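All figures in this text were calculated on a predicted structure; none of them were measured in a lab.
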Amino acid sequence: MSISKPSLADAFSVTADQLGEMDPPEIDALNAVVAIESYRIDDQRDRCWDRLQRALGERKVRRGRSMDWSLGRDEAEEKARLALQEGSGSELYRSELSKVLDAMDALGTEMVKLNQGPRKVLGSEWERRGGWSRFFLVEDGHIHRSQSCFTLRIMTRLAWQPHLSGRSDEEAVAELGPFLCSHCFRDAPTEWQKNPEDVKREAKKKDECDGSRMHVELDARMARRMSPSATCPVCGKEGVSVTSTWKLRAHKPKPADKPTEK
């Protein structure tokens, strides 16, 4: 069985016998579809939780550096179900709570079907074969070998790279860049374990003028301005913004003057 662009229906209908005839990229293409569906369900669940909190009249409070609802999810669900059980509040209030809880229950059922259906069948084939190489990509981040890397946060989402399943680390680097996770790929050469942010930063610096961040002297009149600027002594670019510590902000070199025609 070969599926060029698998759908969620394909993932639910595929059998163990069919999987036995498929290669790792084909199997993991189905896994990728399942993962996308799982993320969709999670997103809808999150929206339901927010809707439930608003229906209960709760507000967000500051927790550390972020804002979060005053009630935890378990507390909010318990409060909502208790209100329905006791008939608390207006009919409109109870109706909204009922709609949200029904939606949440339906999403929970969908996730159970996904886990007990295609995710279980696909996982069994992986175990039967003793596994194969896999590569997962974090957006603007590292490449991981598995979804259980301890450096990943609970909310981190991974993009399956099924076309590389069963391939070598070298092939993955050639395709995705030298951003292998140093924990997932401990034996990989260090030049394959670069930090994506560092690479972006270095690439950005290559486009910058050498005068970027250089200290400059400002006359009294310019120094009093709300947005002081100066001419870069390296490239000659005028009007380069200056920081509060009198340093030129990062900027691209002034374009070379075009030769005058005679």
Side-chain angles (χ1 to χ4, degrees), residues 1-52 72-74 76-77 81 99-169 171-172 175-176 179-181 183-186:
M1 180 181 183
S2 179
I3 307 173
S4 56
K5 291 183 179 181
S7 65
L8 186 61
D10 293 324
F12 269 99
S13 64
V14 71
T15 65
D17 289 340
Q18 290 172 328
L19 287 174
E21 299 176 358
M22 298 169 68
D23 59 25
E26 291 175 318
I27 295 172
D28 282 345
L30 292 170
N31 273 309
V33 169
V34 171
I36 291 172
E37 174 65 7
S38 177
Y39 292 150
R40 183 195 67 80
I41 294 173
D42 284 340
D43 286 340
Q44 290 198 3
R45 273 177 163 176
D46 288 340
R47 286 192 286 270
C48 281
W49 281 116
D50 288 343
R51 183 181 168 190
L52 182 65
R73 292 189 170 187
D74 290 343
E77 183 177 358
R81 295 193 185 280
K99 288 178 182 178
V100 178
L101 290 174
D102 286 347
M104 290 169 58
D105 289 341
L107 289 169
T109 299
E110 285 186 53
M111 186 64 84
V112 169
K113 289 181 179 178
L114 194 68
N115 290 334
Q116 294 183 352
R119 186 165 274 168
K120 184 177 180 180
V121 173
L122 293 168
S124 295
E125 181 62 21
W126 155 271
E127 293 176 357
R128 186 187 72 81
R129 298 193 191 188
W132 54 77
S133 63
R134 281 173 167 168
F135 301 92
F136 303 88
L137 185 63
V138 176
E139 185 177 2
D140 296 327
H142 286 101
I143 304 163
H144 295 270
R145 189 181 295 284
S146 75
Q147 301 176 86
S148 57
C149 177
F150 77 91
T151 65
L152 297 171
R153 297 180 181 180
I154 295 177
M155 301 302 292
T156 300
R157 294 192 170 182
L158 298 169
W160 286 67
Q161 304 297 309
H163 62 294
L164 292 172
S165 292
R167 309 287 284 275
S168 68
D169 295 352
E171 290 173 299
E175 175 82 17
L176 304 175
F179 307 125
L180 299 181
C181 168
H183 299 284
C184 291
F185 302 89
R186 294 182 181 276

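- Taking each heavy atom of Arg45 and Gly108 in turn, the nearest pair found is NH2-CA, 3.4 Å.
- Side-chain contact between His163 and Phe135 is absent, with no heavy-atom pair separated by less than 4.5 Å.
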task = Decide yes or no on side chain to side chain contact (heavy atoms under 4.5 Å, CB included) for Gln44 and Ile41, but give the supporting numbers first.
result = CA-CA 5 Å; Gln44 290 198 3; Ile41 294 173; 5.8 Å; no

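- Taking both residues in full, the closest heavy atoms of Arg128 and Gly20 are given as NH2-CA, 4.1 Å, listed atom of the first, atom of the second, then distance.
- Side-chain contact, Trp126 with Asn31: no donor N or O sits under 3.5 Å from an acceptor N or O.
- With rounding to the nearest 0.5 angstrom, the CG atom of Asp46 is 14.5 Å from the CZ atom of Arg51.
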request  = Please assess Cys184 against His142 for the test side chain to side chain contact (heavy atoms under 4.5 Å, CB included), listing each intermediate value before the final yes or no.
outcome  = CA-CA 10 Å; Cys184 291; His142 286 101; over 6 Å; no

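- The closest donor-acceptor contact from the side chain of Asp10 to the backbone of Ser7 lies under 3.5 Å.
- With a 4.5 Å cut-off on side-chain heavy atoms, Leu180 and Arg145 do not count as touching.
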key: side chain to side chain contact (heavy atoms under 4.5 Å, CB included) between Thr156 and Gln147, worked out   = CA-CA 10 Å; Thr156 300; Gln147 301 176 86; over 6 Å; no

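- Nearest approach of Tyr39 to Leu158, heavy atoms of both residues: OH-N, 3.1 Å.
- One finds a salt bridge joining Glu125 and Arg129 here, because a Lys/Arg side-chain nitrogen approaches an Asp/Glu carboxylate oxygen to under 4.0 Å.
- Summarising the geometry, atom CD1 belonging to Ile143 is positioned 4.5 Å from atom CG belonging to Leu176; distances are rounded to the nearest 0.5 Å.
- Across Leu152 and Ser146, no two heavy atoms sit closer than the pair CD1-O, 4.2 Å.
- For the residue pair Trp160 and Asp28, the shortest heavy atom distance occurs at CZ3-OD1, 3.4 Å.
- Looking at Glu26, its side chain does come within 3.5 Å of a backbone N or O of Asp23 through a donor-acceptor pair.
- Judged by distance alone, with hydrogens and angles left aside, the side-chain atoms of Ser165 form no donor-acceptor pair with the main-chain N or O of Arg134 at under 3.5 Å.
- What you find for Gly141 and Leu137 is that their closest heavy atoms are O-CD1, 4.1 Å.
- Only one option out of Leu52, Asp105, Asp50 pairs with Val100 in a side chain to side chain contact (heavy atoms under 4.5 Å, CB included); it is Leu52.
- Distance check, rounded to the nearest 0.5 Å: OG of Ser133 to CD of Gln161 gives 12.5 Å.
- A 4.5 Å side-chain heavy-atom check between Ile36 and Leu8 finds every atom pair outside the cut-off.
- Going from atom CG of Leu164 over to atom CG of Asp169 covers 10.5 Å, rounded to the nearest 0.5 Å.
- The pair Lys113-Glu110 does not count as a salt bridge, with every side-chain nitrogen at least 4.0 angstrom from each carboxylate oxygen.
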task = Show your working on side chain to side chain contact (heavy atoms under 4.5 Å, CB included) between Met22 and Val14 and close with a plain yes or no.
result = CA-CA 11 Å; Met22 298 169 68; Val14 71; 4.2 Å; yes

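- Side-chain atoms of Ser124 come within 3.5 Å of backbone N or O of Lys120 as a donor-acceptor pair.
- Relative orientation of the Phe150 and His183 rings is perpendicular, given thresholds of 30° and 60° on the angle between their planes.
- In this structure, Val33 and Phe12 have side chains that are not in contact, with every pair of non-hydrogen atoms separated by 4.5 Å or more.
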